[in-house]
Amino acid sequence: RLAKLPYHKTLDQFDFEFQPSIDERRIRDLATLRFVEHRENVILLGPPGVGKTHLAVALAMEAISRRKTVYFTSAHDLVQTLQDAHRSGSIQQKMRAYTKPDMLLIDEIGYRKMDETAAHFFFQIVSERYEKGSIVLTSNKSFGMWGDIFGDTVLATAILDRLLHHSSTINIKGESYRVKEKKKAGFFR
Ligand code: ADP
Ligand code: MG
């Protein structure tokens, strides 16, 4: 049931005081998982280290504790897996892993650009889940830059159109928690 989470962290381990751009009430509201019942999406945007993956993982753990089916993948692994499956003729079977769960988490969209095949499958996943199952997505790139990620502005617009129709976007602005920990340990003296 714990679907490939990169680490296990809960909302209670999140220091909201450190990241004042995050409205704690909105996050607590997401943790009720009403958005999953309503098949809505959550998009966490912001620079590295501000807590995007932590919050995504916390929502995943909440969902798992409520017996929801959850699948967590990095965008990079997703693309790699789909390209391999495409080559070996098992793409339909693999697509089901991404379209079936109650909650699909896609971490770190935007660190790498997608080629045409990958962008096409990504669009297919978003289309098939549209109004059927929630996607929780993290990205370091604002929506205006998604044309670059998918190498195609028309396709990026079609993806965003479906993704954002029923969704909440959490825009995180602030310092990296990793840097804060390093500062505390004296790395930056
Ligand atoms: P990113 O935004 O790059 O996905 P992460 O969510 O992985 O960053 O956060 C980096 C590390 O810092 C993780 O270990 C995470 O648990 C921790 N972290 C980030 N923000 C907070 C916070 N506000 N309170 C507690 N831990 C945090
Ligand atoms: Mg991350």
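Just so you know, ligand 1 is whichever comes first in the structure, and atom 1 is the first atom listed for that ligand. Everything numeric here is computed off the predicted structure, so don't read it as measured data.
The nearest protein atom to atom 4 (O) of ligand 1, hydrogens excluded, is given as Thr53 OG1, 2.7 Å; this is a heavy-atom distance. Of the protein's non-hydrogen atoms, Asp15 O, 2.9 Å is the one closest to atom 23 (N) of ligand 1. Ranking the protein heavy atoms by distance from atom 5 (P) of ligand 1 puts Tyr7 OH, 3.5 Å first. What sits closest to atom 19 (C) of ligand 1 on the protein, heavy atoms only, is Tyr177 CB, 3.2 Å. What sits closest to atom 3 (O) of ligand 1 on the protein, heavy atoms only, is Gly49 N, 2.7 Å.
Compare Gln19, Glu181, Glu175, His54 by their heavy atoms: the one nearest to atom 16 (O) of ligand 1 is in His54. Counting only non-hydrogen atoms, the option in Gln13, Lys9, Arg178 that gets closest to atom 13 (C) of ligand 1 is Lys9.
Electrostatic pairing of Lys132 and Glu128 does not count as a salt bridge here, judged by no charged N lying under 4.0 Å from a carboxylate O. The residues Asp29 and Arg34 are annotated as salt-bridged, a charged nitrogen and a carboxylate oxygen being separated by less than 4.0 angstrom.
Within the 4.5 Å cutoff, side-chain heavy atoms of Leu33 are placed close to those of Met103. Two residues are said to be in side-chain contact when any heavy atoms from C-beta on lie closer than 4.5 Å; Leu78 and Ile125 meet this criterion.
Where the criterion is an N or O separation shorter than 3.5 Å, residue side chain and backbone included, Gly51 meets it with respect to ligand 1. Checking only distances, Val50 does come within under 3.5 Å of ligand 1, N or O to N or O.
Note on ring orientation: taking the six-membered ring where Trp is involved, the planes of Tyr130 and His165 are parallel (angle under 30°, cut-offs 30° and 60°).
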Criterion side-chain contact (heavy atoms from CB on, under 4.5 Å) on Leu163 and Trp146, from CA distance to verdict = CA-CA 12 Å; Leu163 203 60; Trp146 283 31; 3.7 Å; yes
key: Evaluation steps, side-chain contact (heavy atoms from CB on, under 4.5 Å), between Leu164 and Ile43   = CA-CA 9 Å; Leu164 300 183; Ile43 297 109; 3.5 Å; yes
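Contact between Pro48 and ligand 1 is present, with at least one heavy atom of the residue lying under 4.0 Å from the ligand. Taking 4.0 Å as the cut-off, Thr138 does not count as a neighbour of ligand 1 on heavy-atom distance.
Residue Thr53 counts as close to the Mg ion (ligand 2), with an N, O or S atom under 2.8 Å.
At distances below 3.5 Å, at least one donor-acceptor pair connects side-chain atoms of Thr138 with backbone N or O atoms of Glu108.
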